[in-house]
Number of protein chains: 2
Amino acid sequence: MFKEMPKESLYEFVRQAVPCVGFNTRRATRLVTQYYDKTLAPSGLRSTQYSLLSALSMMDEASMQELAHILAMDRTTLTRNLSPLLRKGLVKVKVGSDRRSRPLTLTPKGQSTLEKALPYWEKAQSRIVNEIGAEQWDLMMRGLHQISMIVEENT
Amino acid sequence: MFKEMPKESLYEFVRQAVPCVGFNTRRATRLVTQYYDKTLAPSGLRSTQYSLLSALSMMDEASMQELAHILAMDRTTLTRNLSPLLRKGLVKVKVGSDRRSRPLTLTPKGQSTLEKALPYWEKAQSRIVNEIGAEQWDLMMRGLHQISMIVEENT
DNA sequence: ACATAATGAGTGTATATACACTTATTATTG
DNA sequence: CAATAATAAGTGTATATACACTCATTATGT
């Protein structure tokens with residue numbers, strides 16, 4: 001069916017022939033995450049780890065469920081994602097007044113690691129936002145939030 | 001810092017306070033993938049598997065590298081993603097004329113599984129596209145492609 | 001033709017992701 | 001107050017993801 005088609009056109013064809021919301025968001029996210037991972041590498045943080053620390057730094061302390069909700073991440077995924085951060089001593093787990101809960105806080109080392117990572121994040125971020133333009137990125141953000149809300153309601 | 005803030009506002013605050021392209025695309029993708037996974041469940045396929053089969057069905061046969069490139073996925077990730085599909089007999093691996101290559105094709109079972117999954121995919125897809133509107137989704141698609149291209153050039 | 005480059009793909013390891021199930025603790029209800 | 005329901009979090013298992021490294025095969029340069 002596509003034997004006559006040159007390879008480069010085939011790439012373009014398939015990419016554009018798949019209109020799936022899931023396919024396209026996952027595909028873009030793979031690329032974006034690879035890019036942020038590479039740029040953040042000198043800080044020793046992966047993209048997900050940077051996001052987690054960044055969200056946590058905005059809160060006094062967070063229960064696992066709160067943080068998982070904010071990150072739109074399964075609670076058990078957060079447990080696993082936490083483990084390299086605990087090992088490196090960037091996050092601390094306490095025991096709450098309700099002894100079932102395990103409130104999370106950033107350690108001083110976590111705070112300083114985040115600060116050291118900031119310039120690398122800014123480099124990656126500005127590269128993308130400058131190229132597509134601030135208004136375009138604003139539209140994208142709104143679209144992503146809109147899709148997220150539709151899907152969150154549906155749970 | 002946020003102790004006075006009610007929990008619900010905190011969620012909204014943190015979500016909107018993190019302007020990171022990576023954070024927002026990953027977050028939305030987690031939600032979207034969960035949604036497609038749930039909707040596709042009766043077909044026995046996960047989102048990624050559906051995408052892979054779908055792309056493969058548009059090609060006569062694909063080398064691993066071609067397919068990995070189309071999916072913007074590391075070649076070794078494709079190797080791993082293939083394994084449940086091979087186990088279920090949905091994809092077949094041949095040996096090419098160049099004996100280093102391993103061309104992939106959909107099996108008849110793979111084709112029929114994809115066809116059976118189509119209505120479930122349509123349900124998930126139309127739900128989202130109807131809610132945000134076709135023009136809005138078109139804008140999103142263009143934005144995702146634009147970001148993908150910026151990032152791909154930077155490799 | 002042979003030594004070396006380049007290329008296509010797989011493995012080892014680590015993180016990311018989520019579901020089903022379990023454990024520990026707190027809340028509720030009779 | 002004791003039995004039971006609800007809640008917060010962890011484990012087992014499977015897939016998803018990518019980097020460093022390796023292996024096998026083809027291409028290339030002399």
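When reading the values below, keep in mind they use all heavy atoms of this one structure, side chains included, and skip hydrogens, waters and symmetry mates. Letters go in sequence order (proteins before strands), and every chain restarts at 1.
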Mind checking if [X] touches a base, just sugar-phosphate, or nothing, with heavy atoms under 4.0 Å?
| X | result |
| --- | --- |
| B/Ser101 | sugar-phosphate |
| B/Thr33 | nothing |
| A/Ser63 | sugar-phosphate |
| B/Thr48 | sugar-phosphate |

Does [X] make a side-chain donor-acceptor contact with the base of [N], cut-off 3.5 Å?
| X | N | value |
| --- | --- | --- |
| B/Arg46 | D/dT15 | no |
| B/Arg30 | D/dT17 | no |
| B/Arg26 | D/dT17 | no |

Linked, directly or transitively: A/Leu52 and B/Val18 (ILVMFWY side chains, under 4.5 Å): yes
Within one Ile-Leu-Val-Met-Phe-Trp-Tyr cluster: A/Met58 and A/Leu114, side-chain cutoff 4.5 Å: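 Same hydrophobic cluster.
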If only side-chain N and O atoms of [X] are considered, is one of them under 4.0 Å from the OP1 or OP2 phosphate oxygen of [N]?
| X | N | value |
| --- | --- | --- |
| B/Asn81 | D/dT17 | yes |
| B/Arg87 | D/dT15 | yes |
| B/Thr79 | C/dG10 | yes |
| A/Arg99 | C/dT26 | yes |
| A/Thr76 | D/dG10 | no |

Spacing of CG belonging to B/Leu56 relative to CD belonging to B/Glu66, to within rounding of 0.5 Å: 10.5 Å
First encountered from the 5' end of DNA chain D, between B/Pro84 and A/Arg75: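 Closest to the 5' end, via its nearest nucleotide, is A/Arg75.
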[X] has a side chain; which of [options] sits nearest to it?
| X | options | result |
| --- | --- | --- |
| A/Gln49 | C/dT15, C/dT17, D/dT25 | C/dT15 |
| B/Arg80 | C/dA18, C/dT11, C/dT26 | C/dT11 |
| A/Lys38 | C/dA9, C/dA16, D/dC19 | D/dC19 |
| B/Arg100 | C/dA6, C/dC19, C/dA9 | C/dA6 |

Contact nearer the 5' end of DNA chain C, comparing B/Ala62 with A/Ala72: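 Counting from the 5' end, the first nearest nucleotide belongs to B/Ala62.
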Residue closer to the 5' end of DNA chain C, A/Ser47 versus A/Asp98 (nearest nucleotide):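 Result of the comparison: A/Ser47.
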Syn/anti state of D/dA9 by chi, 90° boundary around 0: anti
Side-chain donor or acceptor of B/Thr107 paired with backbone N/O of B/Leu90 under 3.5 Å: yes
Under 3.5 Å donor-acceptor, B/Asp37 side chain and B/Ser47 backbone: yes
Other residues, nucleotides, ligands: >12 heavy atoms within 6.0 Å of B/Lys88 NZ: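 Yes - once you tally the heavy atoms of other residues, nucleotides and ligands closer than 6.0 Å, there are more than 12.
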Partner nucleotide of D/dT26 by Watson-Crick or wobble geometry (both distances under 3.5 Å):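 Across all strands, not a single nucleotide pairs with D/dT26.
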